[in-house]
2 protein chains.
Amino acid sequence: MGRWEPDARDRLKRAAVDLFVEQGFAETTVPQITARAGLTTRTFFRHFADKREVLFVGEEEFPALVAKMMADAPPSLGPMAVILHGLRTIAEGVFEGQREYMRTRRSVIQTDAGLRERELWKLSALSKAIREGFLERGVDDLTATLAAQAGVTAFGVGITRWLDQDDGSLAEIVRDTLDALRTVLAEPVE
Amino acid sequence: MGRWEPDARDRLKRAAVDLFVEQGFAETTVPQITARAGLTTRTFFRHFADKREVLFVGEEEFPALVAKMMADAPPSLGPMAVILHGLRTIAEGVFEGQREYMRTRRSVIQTDAGLRERELWKLSALSKAIREGFLERGVDDLTATLAAQAGVTAFGVGITRWLDQDDGSLAEIVRDTLDALRTVLAEPVE
DNA sequence: GCCCCGGATGACATCCGGTGTCGTCGGTTA
DNA sequence: TAACCGACGACACCGGATGTCATCCGGGGC
């Protein structure tokens with residue numbers, strides 16, 4: 001599709017992740033990445049908004065995916081059931097089979113504060129999408145916000161647990177984590 | 001205490017916030033801030049780790065504050081009661097009387113993605129501190145993590161609600177928000 | 001089969017955030 | 001009074017990020 005080698009975006013991502021693993025995120029410069037990929041610095045920023053985004057490609061589709069799931073869910077379903085359904089779809093459709101890559105990715109992210117900030121931002125974007133899905137379904141604002149936050153918490157904590165062990169599917173673990181959250185909150189305050 | 005004008009840090013903060021409000025965060029350069037404060041660029045970065053941090057001064061003490069609260073709480077208290085106690089202390093001790101400043105601060109933060117990332121990071125640091133407080137108390141890891149997350153969610157959503165209205169104390173609103181979260185999660189999944 | 005257009009990249013300049021380093025000077029303390 | 005320390009200035013420098021224009025290929029229209 002061009003006069004250059006194909007898959008520029010993918011080459012950039014691979015080169016970047018490799019270098020991050022080899023020598024660290026902060027110690028890797030964009031020129032180093034582009035040199036390995038056979039491209040120029042300017043081209044890197046045409047594909048990724050910034051140096052961090054290269055570790056989050058693919059995730060930009062989550063919000064839209066969740067929005068669709070929620071719009072398609074039967075109106076009779078309660079908030080948490082809707083969330084569980086949406087998150088299970090993402091878990092099974094996107095993360096299944098990616099456990100090893102997700103582990104190396106996490107090991108890189110945990111070495112850099114800026115990357116952890118970006119990860120929180122992505123989870124927040126997911127929460128925002130879920131909240132808006134609820135508003136579309138006529139759920140009141142506070143319930144929508146809190147249900148979305150709870151779901152994302154279960155998802156985030158679930159991913160951590162999933163990466164820390166070798167068995168169990170992400171979908172199951174997320175569901176289990178959500179149950180644990182219910183139990184914790186069910187305990188009387190005083 | 002020196003041959004220069006006093007309160008360099010505070011002058012920098014004031015100059016920065018003023019400029020952010022006047023012309024926006026991204027459009028304000030560090031040299032502009034230091035020029036208004038009568039200092040040099042290098043000095044700005046001696047007081048703040050980066051340009052964003054100027055909007056988060058004071059919050060670095062929250063984790064330590066919560067840790068102390070949790071260590072001092074009676075061992076008989078349940079997780080959510082402990083959290084509620086700690087958050088109420090922060091709410092009353094730090095935020096009371098700051099509603100107007102917090103509103104302008106929020107209006108600046110919401111104009112910049114990087115600032116919102118940093119805000120999430122601060123909440124995450126608070127969550128981390130609460131979690132560690134629970135671990136010290138002998139709570140199991142999962143419960144500690146989830147209770148901390150739930151508390152921070154209530155705190156974050158509570159601050160939003162507090163800023164969106166004119167009456168009610170932050171402590172009350174946080175407590176109310178946590179109750180709402182319990183109610184949402186109490187609903188059966190199917 | 002030719003031509004032109006559009007998309008993707010290169011090349012270059014530039015800005016700004018952030019850091020390392022050293023010099024300077026006043027206040028503090030012995 | 002002399003030595004020290006802490007806060008700031010001055011300067012150089014790196015790397016991330018962006019604007020702009022040139023370039024070149026492939027495809028579609030004719």
Side-chain angles (χ1 to χ4, degrees), chain A residues 1-57 60 108-109 111-119 121, chain B residues 1-20 22-57 60 108-109 111-119 121-122:
Chain A
M1 196 191 285
R3 79 200 116 135
W4 298 276
E5 300 296 317
D7 299 323
R9 189 188 184 85
D10 199 56
R11 273 155 52 213
L12 285 169
K13 178 186 170 182
R14 290 176 185 281
V17 174
D18 288 351
L19 285 167
F20 294 163
V21 170
E22 287 173 23
Q23 56 185 34
F25 176 79
E27 292 71 29
T28 301
T29 68
V30 175
Q32 280 173 8
I33 298 169
T34 54
R36 182 172 292 207
L39 295 165
T40 65
T41 302
R42 193 68 186 84
T43 298
F44 180 91
F45 290 104
R46 286 197 178 96
H47 286 277
F48 307 102
D50 58 50
K51 192 175 132 188
R52 294 174 222 167
E53 274 298 303
V54 77
L55 282 169
F56 297 89
V57 287
E60 65 274 2
V108 172
I109 289 178
T111 65
D112 186 89
L115 287 171
R116 279 178 291 187
E117 283 187 355
R118 181 59 51 86
E119 189 171 42
W121 171 255
Chain B
M1 192 203 283
R3 81 199 110 137
W4 299 276
E5 299 296 318
D7 299 323
R9 189 188 184 84
D10 198 57
R11 273 155 52 212
L12 284 169
K13 179 187 170 181
R14 290 176 184 279
V17 173
D18 288 351
L19 284 167
F20 294 163
E22 286 173 23
Q23 57 184 32
F25 176 80
E27 291 70 28
T28 301
T29 69
V30 175
Q32 281 173 8
I33 297 170
T34 54
R36 182 171 293 206
L39 295 165
T40 65
T41 302
R42 193 67 186 85
T43 298
F44 180 91
F45 291 104
R46 285 196 180 96
H47 286 277
F48 308 102
D50 58 48
K51 192 174 133 188
R52 293 173 227 168
E53 274 298 303
V54 77
L55 282 169
F56 296 88
V57 287
E60 65 274 2
V108 172
I109 289 178
T111 66
D112 186 89
L115 286 171
R116 278 176 292 186
E117 284 186 355
R118 179 59 51 85
E119 189 171 43
W121 171 256
K122 296 298 182 181

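Here the structure is a predicted model, which means the values were calculated and not measured. Sequence lines set the chain letters: A, B, ... in the order given, protein chains first and strands last, and positions in each chain run from 1.
- The distance between atom CD of B:Glu27 and atom P of C:dG17, rounded to the nearest whole Å, is 11 Å.
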Just the table, please: protein N/O against nucleotides 9-11 of chain D N/O, every pair under 3.5 Å.
from: D:dG9; atom 1: OP2; to: B:Thr40; atom 2: N; distance (Å): 3.1
from: D:dG9; atom 1: OP2; to: B:Thr40; atom 2: OG1; distance (Å): 2.8
from: D:dG9; atom 1: OP2; to: B:Thr43; atom 2: OG1; distance (Å): 2.4
from: D:dG9; atom 1: N7; to: B:Arg46; atom 2: NH1; distance (Å): 3.4
from: D:dG9; atom 1: O6; to: B:Arg46; atom 2: NH2; distance (Å): 2.6

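- In the displayed structure, B:Arg14 atom CZ is contacted under 6.0 Å by at most 12 heavy atoms of other residues, nucleotides or ligands.
- Rounded to an integer number of Å, the gap from CZ of B:Phe25 to P of C:dC16 is 14 Å.
- D:dG15 atom P lies 15 Å from atom CZ of A:Phe44, rounded to whole Å.
- For B:Phe56, there are no ring-ring contact (aromatic ring centres under 6.0 Å, His included) partners, not counting sequence neighbours.
- Atom P of nucleotide C:dT9 and atom CZ of A:Arg9 are separated by 11 Å, given to the nearest angstrom.
- Summarising the geometry, the separation between CZ on B:Phe48 and P on C:dC16 is reported as 21 Å, rounded to the nearest angstrom.
- Residue contacts for A:Thr28: at a heavy-atom cut-off of 4.0 Å it reaches the sugar-phosphate backbone alone, with no base atom in range.
- B:Asp112 has its CG atom 14 Å from the C1' atom of D:dA17, to the nearest Å.
- A heavy-atom distance below 4.5 Å is found between the side chains of B:Val57 and B:Arg9.
- The side-chain contact (heavy atoms from CB on, under 4.5 Å) with A:Phe20 is formed by just one residue from the set A:Thr111, A:Ile33, A:Asp112; it is A:Ile33.
- The side-chain contact (heavy atoms from CB on, under 4.5 Å) with A:Thr34 is formed by just one residue from the set A:Thr40, A:Thr43, A:Leu12; it is A:Leu12.
- As a whole-Å value, the separation of B:Leu12 CG from C:dG18 P is 14 Å.
- Checking the phosphate oxygens (OP1, OP2) of C:dT9, a side-chain nitrogen or oxygen of A:His47 falls inside 4.0 Å.
- Rounding to whole angstrom units, CZ of residue A:Phe45 and C1' of C:dC12 are separated by 16 Å.
- Looking at A:Arg52 and A:Glu119, no side-chain N of the basic residue comes within less than 4.0 Å of a carboxylate O on the acidic one, giving no salt bridge.
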